[in-house]
There are 2 protein chains.
Amino acid sequence: MSRKGAKVSIRDVAEEAQVSVATVSNVVRNRKNVSDAVRARVEEAINRLNYLPDRAAMQLREGRNRIIGVLVPSLDNPFFTALIACLEDRARKDGYDIIVASAGEDSELASSRLKALLSWRPAGMIVLPNDDLFADASFLDAAGVPYVVIDRLPHSCNADTIAVDNEQAATEAAAYLVGLGHRRLLVVATTLSLANIRERCAGITAFCVQAGLPVPTVLEVGHHAEEGPEVLTEMLTGSEAPTAIIALTNSITLGALRCLHQSGCAVPGDVSLVGYDDYAWMRATHPPITAISQPVDALGAQAWSRLMHRIAGESTAPMQVRLSCTLVVRGSTAPPRTGEFS
Amino acid sequence: MSRKGAKVSIRDVAEEAQVSVATVSNVVRNRKNVSDAVRARVEEAINRLNYLPDRAAMQLREGRNRIIGVLVPSLDNPFFTALIACLEDRARKDGYDIIVASAGEDSELASSRLKALLSWRPAGMIVLPNDDLFADASFLDAAGVPYVVIDRLPHSCNADTIAVDNEQAATEAAAYLVGLGHRRLLVVATTLSLANIRERCAGITAFCVQAGLPVPTVLEVGHHAEEGPEVLTEMLTGSEAPTAIIALTNSITLGALRCLHQSGCAVPGDVSLVGYDDYAWMRATHPPITAISQPVDALGAQAWSRLMHRIAGESTAPMQVRLSCTLVVRGSTAPPRTGEFS
DNA sequence: TCTTTGCGGTTAAACGTTTAACCGATTGAG
DNA sequence: CTCAATCGGTTAAACGTTTAACCGCAAAGA
C-alpha cells in the first residue's frame, strides 16, 4: 500500500519495476511485445502502488481522446436525465466518458457551459439547445468538433439532428380525441418560442382545421408549471370548459392533472387528458394517463451512433432524422360525458 | 474566423498578438501587470482565433484542479438525479466541474467506474455507494482524494458522511399511521441488504414494539418494482390485508400505488399509503400522496460544503451528519375504514 | 551620479503520458 | 561466416499549460 496522498505516476512504477517508463506504457496499453517476466514485474508494481494512468496527460499527448460533451437545458427534467442515462450507457460500452453540463434557460449561461465543455477538447458533442437559435453552433463549427443536436432543432442547421416527429405525434393524439367525440380541445404548452412545441401545436391545429373543427385554444404556462397554473384552473371552471386537454410536456401533464383535481373535474368523466412523455408515475395514477410516448432510448441511441460515425470520419451531408412517437391509450381518456356533438 | 478544425493553442495566440506565450497566459489568468495596449492586443487575438485554454494541459501542469467526481448507482432514479442537479449547481458557482458516473448495481462495475473517475485526478469525490461494504473506500484513501459519502453509509467508515435520519423518518410515519388507528401495517422495501433500508424498517419495528403492536410484515421486492410486484397484489387481497402501507423508496411507492389500483383497493378508503421521497407527481395524483420528504437539496449542499472544507485542507476528525426528514401529510392517509381496533 | 525599485515583458522548466527512433543481442537464411 | 531481421527493451521529443527566474529599462531616492 502506497503512502497516503502520494500521486503515483508512470515514473514511480518504472522505478519500482526496474524498467523504463516506455516499457510500463507498453504493458498497460499492450502495444509491443514485452517478455512475460517483465510484464509480470510491471503489473506487480502497478498493483503494489495502485497506479492509475493520468487522463489529463494522456489526453494532452494524444491530442483528443475519448470524451463526449453533453449539454442539456436542465437536470431536473426526467426526459433529459433519461436521455443522459441512455448516452452514458452507450458511452461506457464504447469506451468513452461523457461530461454533462446543464445550461438552464439562460442562453448566456449556455454559451459559457458550452465553452467549458469544449475546453476539454472532446471528441464530440451532443447538444440539446435551449432555444431555437442555437447561436453557439458556429462556435462548434469553428472548433471543428463533430456534434449532433437532439430534440430541439435550430432554425437553420447544417449539423446532424435527431428529433421526434412532433407533428405526427400531436396529430395522432388530436385524431384520437376527436374520434372519441371531443370537440372542445385545450392545448397546454410551456412556450411557443420553442420549435418542437410549435410543431406539436401545428399538428393539432392542422388536424382540427381539416376536420372542420374550430382551432383549439393554446395556453402558454411557462416552464415551471408542475404546481398547476391558476389560469388553467380558471379555464376549467368556465362555461366554455374544454372536454379534453392535450398537455405538450411532461411537466405540463403534471400541472394539468393537478389543476383537474383541484377544480374537482373527474378524469376522464368531465375532462379527458392526454399527457406527453411516458413515465412510470403515469401508469400508477388512477386512472392511468393516456400518453404520447417519446422514444427516448431510440433518440439517444441514434444520436450516439450518428456521432460515432462522424468521429470515425464520415463526411456525408448532415442527416435530419425524425423518430415517431406512439400514443399509449390508458384510462384518462374517454368519450365526452354529454352527447354534445357540434 | 479560424479555419475549420484547427485546434488553436496558446502558442497561436502568442504569435498572432506578437507576444510570448507567458504573456498570453498572464492575461487570461490575469496574474501579473500587463500593459493595457498588450492586453488589448492579446484579447483581440483570442477572440479572432476563438482560443479556448486546454483543460487537460492546465490540469497536468497544476497537478490537480477543479474537478469533482460523482459516483451514483443509477441515473434513472429521480433521487439521484435531483442530487446531481443540486451538486452541479454548487459546482458551477464554485468554479468546479463535476464528472458523473453511474455504477449500476454491480460492484464490479462500480470499482471500474470509480477508477475511471480517479484517473481524472479529481480534487474530490462524492460517492453514493451501491452497497454497504464500499470496499473501494480503501482505494480512495490510498489515492489521497478527499471524499464524502452520501445516503448509503458503509459499515465501517472513517470518512465524512451525510445521510438522512432514516429511523426518525420511518418512526414518524409509523407513529402517524398508528395514531390514525391503523394496526396492521405493511412495509414494502427494495432490499434489506442496504443499511438505510434496514434503518427505516428498524424505526417502524421499534415503534410498533414500544406501542405494544405486532411487528409489521416487511416485503422485499427488489429494485425494479415500478410495475407493481405480484406478491404485493396477493397480499392486498388476502384476508389479513394491511390497512396501511409504508413504501420505503420512491420506486416502491410507485409500485405500491399501482398494485393498490390494480387490486381495486381505494386509497385511503381501504388502505392508507405513505410514500418515500417527495416528487411533483405525488402532488398530482388523486388523492395526493402522504410522503416522507427527504431533504435532497440540503443533502447535496452539506455534502458539497463538507467536501470543500476537506479540499481546503481541514483535517479534523470525519463528521457523520444526519439530516431529518419531514412527513408531509396529504390525502392518501386516513383512519382505517372499520373500527377494528385490536 | 550611483544604486535601488518596480514595471512589463520573456525564457525555460516542469507536469505525466505516448511513440517514433534507436540499439544491442540473438536468431535464421544464404 | 556474414548479413539481415526480429526481439525486447531504452531514449528523448512532444503535447499545451503555468510560473519561477530572469532581464532591460525607466523612475526615484540617496
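These numbers come from a predicted model, not from an experiment.
Remark: A/Ser35 is not in phosphate contact with D/dC7, judged by side-chain N or O atoms under 4.0 Å from OP1 or OP2. Between B/Ser25 and D/dT19 there is no side-chain N or O to OP1 or OP2 distance below 4.0 Å. The phosphate of C/dA14 (OP1 or OP2) has no side-chain N or O of A/Arg11 nearer than 4.0 angstrom.
Heavy-atom minimum distance, A/Glu44 versus A/Arg48: OE2-NH1, 2.7 Å. Closest approach of A/Asp297 and A/Cys86 over heavy atoms only: O-SG, 3.6 Å. Of all heavy-atom pairs spanning B/Ala303 and B/Ile150, the tightest one is CB-CD1, 3.4 Å. Taking both residues in full, the closest heavy atoms of A/Ala17 and A/Val42 are given as CB-CA, 4.0 Å, listed atom of the first, atom of the second, then distance.
The listed nucleotides are C/dG16, C/dT19, D/dT19; the one nearest the side chain of A/Ser9 is C/dG16. Here the side chain of A/Ala57 is nearest to one of C/dG16, C/dC7, C/dT19, namely C/dG16.
Nucleotide C/dT17 holds its C1' atom 16 Å from the NZ atom of A/Lys7, rounded to whole Å. When the P atom of D/dA20 is taken as reference, atom CG of B/Asn26 falls 11 Å away, rounded to whole Å. Here the C1' atom of nucleotide C/dT19 and the CD1 atom of A/Ile10 are 12 Å apart, to the nearest Å. If you take CG of B/Leu60 and P of D/dT17, they are 12 Å apart, rounded to a whole angstrom. The distance from atom CZ of A/Arg29 to atom P of C/dG16 is 18 Å, rounded to the nearest whole Å. Look at CZ on A/Arg31: it is 12 Å from C1' on C/dA21, rounded to the nearest Å. Taking atom CZ on B/Arg39 and atom C1' on C/dG8, their separation rounds to 12 Å, with Å as the unit. Atom CZ in A/Arg121 sits roughly 6 Å away from atom P in D/dT17 (whole-Å rounding).
The 5' end of DNA chain C is approached more closely, in terms of each residue's nearest nucleotide, by B/Asp36 than by the other of B/Gly63 and B/Asp36. Two residues, A/Val34 and A/Val21, neighbour DNA chain D, and the one matched to the more 5' nucleotide by heavy-atom proximity is A/Val34.
Each of A/Arg306, A/Gln302, A/Gln320 was checked for a side chain to side chain contact (heavy atoms under 4.5 Å, CB included) with A/Asp160, and the lone residue meeting it is A/Arg306.
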